[in-house]
> 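Before I ask anything, let me first share the structure, which is written out below as structure tokens.
Values reported hereafter were calculated over all heavy atoms of this structure, with side chains retained and with hydrogens, waters and symmetry mates removed. Residue numbers begin at 1 in each chain, while the letters A, B, ... track the order of the sequences.
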Amino acid sequence: MTTEPQHEVSRAEKLRRIEELGIDPWGGRFDRHQAIAEVLEQPIASEESQQPRARIAGRIKLRRIMGNVHFLHLWDHTGEMQVMIGKKQVGELGWALARHLDLGDLIGAEGRFGKTKTGEPTIFADSLTMLAKSLEPHPDKHKGLVDVERRQRLRYLDLIYNPETLKRAKQRVLLIRTIRQYLDSRGFMEVETPTLHAIAGGAAARPFITHHNALDLPLYLRIALELHLKRLLVGGIEKVYEIGRVFRNEGISRKHNPEFTMMELYQAYGDYQTMMDLTEALIVACVDALAGTRKLTYSGREIDFSPPWQRASYTELFRRYVGVDMRDVSAVRQRAETSRLPLAVKDATTGQMITKEHDVLVHELFEHHVEEHLQGPIFVYDYPAALCPLTKRKRGHPDIAERFELYIQGMELANAYTELNDPVTQEQTFRRQLAGLSEEESMAKMDDDFIRALRYGMPPAGGLGIGIDRLCMLLTDAASIGDVILFPLLRPEKKD
RNA sequence: GGAGGCGUAGCUCAGCCGGUAGAGCAACGGACUUUUAAUCCGUGGGUCCUGGGUUCGAGUCCCAGCGCCUUCACCA
């Protein structure tokens, strides 16, 4: 430790001088201030005597010092505007304070709202209030904060200096509000279910493990909302939904954060076709609320959300892009070989090689060859049954499950089933582990408590899950999930 | 986990063939009561991510590590 950084020294020194003036550098209650956008909306009278007074609070983003007059740009979350501080106008104490301000400080300003000679809307301050000192230097006034890592770690600075970050945060709120309004107005009831689960079911993903001390009980953070919402269907809540955080202990990427937000809903006496119509209408409502046009650009490509969206069966797409019939066992195996997909995997516990099951290969081929073509929006429906232990089988087709996924720009955005409500079949599919998948990787996890609920009678129903973060990415043209989550998971910084 | 890229002043970035570390903004001192990224004069500011190695000499070349990004794998 040699010398303290010059900026810290300088700001700490100014803090001390402000205190010496008898001013609290950390401010306090500041009533009756207006949003900057609100002030700027007012017409500006040319007669000084007719000009209204304005009172704002905000952060100093720019400062131009011209001897006995300072021009500041004050920023709040609604906008930015100029404040003029004249030596004569603010008085001796105000002027002393003005001289010790820095970029990044928070102040209140009050005075006449008018225009300067050059026509800039300006508050001509006659009163200044110190609200908080910034002891750290702020980013460059032109370039702002660019470094991706710092933008995520110091998200508060990102919000101040990159307008699109604040804009996305506001759009995300609007998106979720739109979903709530849409569902509430159609009789859906919003609920909150536990995040701590004794069995992490409802999806195929590795869970985070935790422990309850008083009960000496291992617990898991939920990986899906599904199984509790279905219990509520049993309980007679016929239209139910939850918007909540789920946790998956897996890799982090442009499209994956370990905790993310899901919306799941269930509608008694519906099926996956009901859900397809609902999904389309719900997402179009969100597009309308956020964009005002149904043709959006995502990473340079246009997505047209105008309904009706394409619908294609899994079988048909498989045939078209993989080139073989998905029911043809030997053809699928051969195609997997030519695609250089491993036909067997090592079992995690026994270490033995296990040959992959037909449906596992089918789905790997689908992901490998079909997904990239799904620019969408497109509903892919009727999945191989073995992949869907919670889904009702198609009548007369025991190998097909009534499931669809919505793809947009190659991303899986929504997933829906005709829900399996037969407890006997449910118990069987929970017991049956697909060869080539570990229990963790499998959706089939025995949950006796859930089976018991089904045994009391769950209405036939359609169910739907939408990845809110990914939807938000698409509607705000965000390249990375970290752009729509205010605090994405990062490795903690090392000390020193 | 594999491959590739990046890491230099508070911020944003240059730095060629290996030869004394640079700019703009920010900071500090000065001039200026209508400026618009204000301007002008002057000053200070560096563990070049970390640790090794090659070399007379390394920000630069090599190796290892750390962090971030991209991509593949994984992943409803």
> At under 4.0 Å between heavy atoms, what does L490(A) touch on the DNA or RNA strands: base, sugar-phosphate, or nothing?
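No contact at all - L490(A) keeps every heavy atom at 4.0 Å or more from the nucleic acid.
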> Just checking S10(A): base, sugar-phosphate only, or nothing, at a heavy-atom cut-off of under 4.0 Å?
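The residue S10(A) makes sugar-phosphate contact but no base contact.
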> Remember a base hit wins even if backbone is also touched, and classify E120(A) as base, sugar-phosphate or nothing at under 4.0 Å, heavy atoms.
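The residue E120(A) makes base contact.
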> Measure the acute angle between the ring planes of F305(A) and W309(A), then classify it against the limits of 30° and 60° as parallel, tilted or perpendicular.
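It falls in the perpendicular class, over 60°.
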> Indicate, yes or no, whether a donor-acceptor pair under 3.5 Å links the base of A26(B) to the side chain of H7(A).
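Looking at the base of A26(B), it does pair with a donor or acceptor on the side chain of H7(A) (distance under 3.5 Å).
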> Excluding sequence neighbours, so at least two apart, what forms side-chain contact (heavy atoms from CB on, under 4.5 Å) with K115(A)?
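Expected list: I44(A).
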> Students often get this wrong, so: under 4.0 angstrom with heavy atoms, is K14(A) touching a base, only sugar-phosphate, or nothing?
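Sugar-phosphate, backbone atoms only, no base.
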> To the side chain of Q6(A), which of G45(B), C25(B), U34(B) is closest?
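The answer is G45(B), which lies nearest to the side chain.
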> So what does R11(A) touch, heavy atoms closer than 4.0 Å: a base, only the sugar-phosphate, or nothing?
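The answer is nothing, as R11(A) stays clear of every strand by at least 4.0 Å.
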> Determine the interatomic distance between P on G45(B) and the same-named atom on A9(B); round to the nearest Å.
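About 15 Å, rounded to a whole number of Å.
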> Is it the case that T476(A) and R168(A) place a side-chain donor and acceptor less than 3.5 Å from each other?
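Yes, a side-chain donor-acceptor pair sits under 3.5 Å.
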> By the 4.0 Å heavy-atom rule, please label G144(A) as base, sugar-phosphate, or nothing.
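Counting heavy atoms under 4.0 Å across all strands, the contact made by G144(A) is with sugar-phosphate only.
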> Which part of the nucleic acid, if any, lies within reach of K88(A) when heavy atoms closer than 4.0 Å are counted: base, sugar-phosphate only, or nothing?
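Base contact.
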> Closest to the Q82(A) side chain: C68(B), C75(B), U35(B)?
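It is U35(B).
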> Describe the nucleic acid contact of K117(A) in one word from base, sugar-phosphate, nothing, applying a heavy-atom distance below 4.0 Å.
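Contact class for K117(A): base.
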> Between the side-chain atoms of D140(A) and the base atoms of G24(B), is any donor-acceptor pair under 3.5 Å?
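It does, because a donor-acceptor pair links the side chain of D140(A) to the base of G24(B) below 3.5 Å.
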